[in-house]
Amino acid sequence: MLPTDSYAWQYLESTVADVLQSYAYKEIRFPVLESTELFKRSIGEVTDIVEKEMYTFDDRNGESVTLRPEGTACCVRACEQNGLLYNQIQRLWYQGPMFRYEKPQKGRLRQFHQFGVETFGMAGPDIDAEMLLITSRLWRELGISDAVTLQLNTLGTSEERKAYRAALVAYLTERKDQLDEDSQRRLGSNPLRILDSKSVSTQALLNDAPNLHDYFGEETQAHFNGVKAFLDAAGIEYQINPRLVRGLDYYCFTVFEWVTDKLGAQGTVCAGGRYDGLVEQLGGKATPAVGFAMGVERLVLLLQELNAIPEGLSQAVDVYVVAMGNVQAPAFQLAEQVRTALPHLRVMSHCGGGKFKKQMKKANDSGADVALIIGEDEVAAGQASIKFLREEREQQTLSVEEIIAVLQS
RNA sequence: GUGGACGUAGCUCAGUCGGUAGAGCCCCGGAUUGUGAUUCCGGUGGUCGCGGGUUCAAUCCCCGUCGUCCACCCCA
């Protein structure tokens, strides 16, 4: 990521941090490198991520380690090892690089970055809804609400899913020859993923297939209705998508995705759901949990696509200090005085000498609104000149105090 | 992993039906010895991704390789 993009990242990062802070979430940080076993046990052995997308290697002790492909498992491990989950409620967030060995394309990189939120110890639909309140508010803060839509589904309990899975496999096995090639392969490995296949013919075939929602018992229905009721009350729009499934094994009940049609093939900008079984699966006490992750690169692309980054953020300089003649030391001193008095201003001192004309051109190109000019005359008089580069206004030669006063206004 | 496109100056790209390359922007100098944005003039800058093959001669044709992009797949 280059300086031309970093301001967009900083804008996104600070907006996300502010929103999460306003919901009283706490930041957690954990390592980039984890034991390979952690991901096999959490994400699922037969998922694509674990089977072919992990950066896995042996360390010097011969232990298999992996660059994290996602944050949830790492977060659970870190919390578990530090006693944050035992009979406790946690609302946490994190941020950082993730690694998946995939073929790069737009919105999909081998090292990419996520914001993640994980909550523990809350079983009701209210905290599920809070995930969507948070993300919905974030889109509003970022000015991209119109570009994203919420897809919502529930996966029920693992027993319900198991029963449905059997019915789906039975139905599709009878019609295997009508399935596309990828779906035929998934029939054996991960049949639920056939539901969100992009193949038109496969989707048509699914219209008469068993419906997951027919397999839900009272608990699942009630939980899902609860989530929907909170969303309705909050005025958050959503689409129920019964074919929305997740690529990671640990999800149950509520799952959701925020998607956009503005980014080409990689349209999911944020996704998450409930994963009540994971903590126990990783050796802890059974703990309800909900969370989500957002793709930073995709959100930055979307912000840029929509021109949603506030003007002025890309400007790096407010004041450019020009030194005429052999007065670099006093010029530095002037710049330091301005920085001390007005720390919010970005003050750049010209370095490298050169002709005055050249320095003025640099001042202009820097994007600064004003240039402070100091030469031998000014040094002798204990003054400096202030020139306004973006407005019709007379250049003035003033004392340092007066210049600071002008800059302040 | 599969398919397609593309790698020429710092950037965006043109070009040579095979005879070792050009524009715009950027940068530097000048018109203008202490005043930028508009002009005008001049200049620097390229083993034409890398390796092999064909040829008198390859940036161009062929093969391989690496990289990038887009889509599939997968997912944030």
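Worth saying up front: this structure is predicted, and the values here are computed from it rather than measured. Residue numbering restarts at 1 for every chain, and letters A, B, ... go by the order of the sequence lines.
Across the protein-nucleic acid pair, Lys357(A) atom NZ and G29(B) atom C1' stand 11 Å apart, rounded to whole Å. Taking atom CG of Leu302(A) as the reference point, atom P of A76(B) lies 17 Å away to the nearest angstrom. Put simply, NZ on Lys361(A) is 7 Å from P on U38(B), counting in whole angstrom units.
Using a 4.0 Å heavy-atom cutoff across all strands shown, Leu299(A) reaches no nucleic acid atom at all. Note on Gln359(A): nothing from the nucleic acid sits closer than 4.0 angstrom, heavy atoms only. Nucleic acid contact class of Gly116(A) (heavy atoms, under 4.0 Å, all strands): none. If you check every strand for non-hydrogen atoms under 4.0 Å, Arg100(A) touches a base. Across all strands shown, Lys358(A) has heavy atoms under 4.0 Å from sugar-phosphate atoms exclusively, and none from any base. As judged by a 4.0 angstrom heavy-atom cut-off over every strand, Gln266(A) is placed among the base-contacting residues. Glu378(A) comes within 4.0 angstrom of a base, heavy atoms only. Nucleic acid contact for Lys106(A): sugar-phosphate only, since backbone atoms but no base atoms lie under 4.0 Å from a heavy atom of the residue. When heavy atoms are screened at a 4.0 angstrom cut-off, Ala271(A) is found touching the sugar-phosphate backbone but no base atom.
Between Lys198(A) and C73(B) there is a side-chain polar atom (N or O) within less than 4.0 angstrom of OP1 or OP2. Look at Lys362(A) and you'll find a side-chain N or O under 4.0 angstrom from OP1 or OP2 of C28(B). Applying the 4.0 Å criterion to OP1 and OP2 of A76(B), one finds that Arg246(A) has a side-chain N or O inside that range. Residue Gln105(A) has a polar side-chain atom (N or O) positioned under 4.0 Å from OP1 or OP2 of A71(B).
Side chains of Ser64(A) and Glu37(A): no donor on one and acceptor on the other come within 3.5 Å. Judged purely by distance below 3.5 Å, without hydrogens or angles, the side chains of Glu118(A) and Tyr94(A) pair a donor atom with an acceptor atom. Residues Gln337(A) and Thr340(A) bring no donor and acceptor atom of their side chains to less than 3.5 Å of each other.
Between the Arg339(A) side chain and the Val347(A) main chain, a donor and an acceptor come within less than 3.5 Å of each other. In terms of modelled atom types and a separation under 3.5 Å, the side chain of Thr135(A) and the main chain of Met131(A) share a donor-acceptor contact.
Partner assigned to U59(B) is none, using Watson-Crick or G-U wobble distances below 3.5 angstrom. The partner of A71(B), taking Watson-Crick or G-U wobble pairs whose two distances both stay under 3.5 Å, is U2(B). The base-pairing partner of U12(B), taking Watson-Crick or G-U wobble contacts with both distances under 3.5 Å, is A23(B).
The cationic atom of Arg110(A) (NZ for Lys, CZ for Arg) lies less than 6.0 Å from the six-membered ring centre of Tyr101(A) and within 45° of the ring axis. For the pair Arg41(A) and Phe39(A), the cation does not sit on the ring face, since its NZ or CZ is not both under 6.0 Å from the ring centre and inside 45° of the axis.
The base of U33(B) is not paired with the side chain of Lys355(A) by any donor and acceptor separated by under 3.5 Å.
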Considering only nitrogen or oxygen atoms on both sides, find all protein atoms under 3.5 Å from nucleotides 41-45 of chain B and state each distance.
none

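Using a 4.0 Å cut-off between a side-chain N of Lys or Arg and a carboxylate O of Asp or Glu, Glu257(A) and Arg246(A) qualify as a salt bridge.
Taking atom P in both A5(B) and U59(B), the straight-line distance is 23 Å, to the nearest Å. Nucleotides U16(B) and A21(B) place their C1' atoms 8 Å apart, quoted to the nearest Å.
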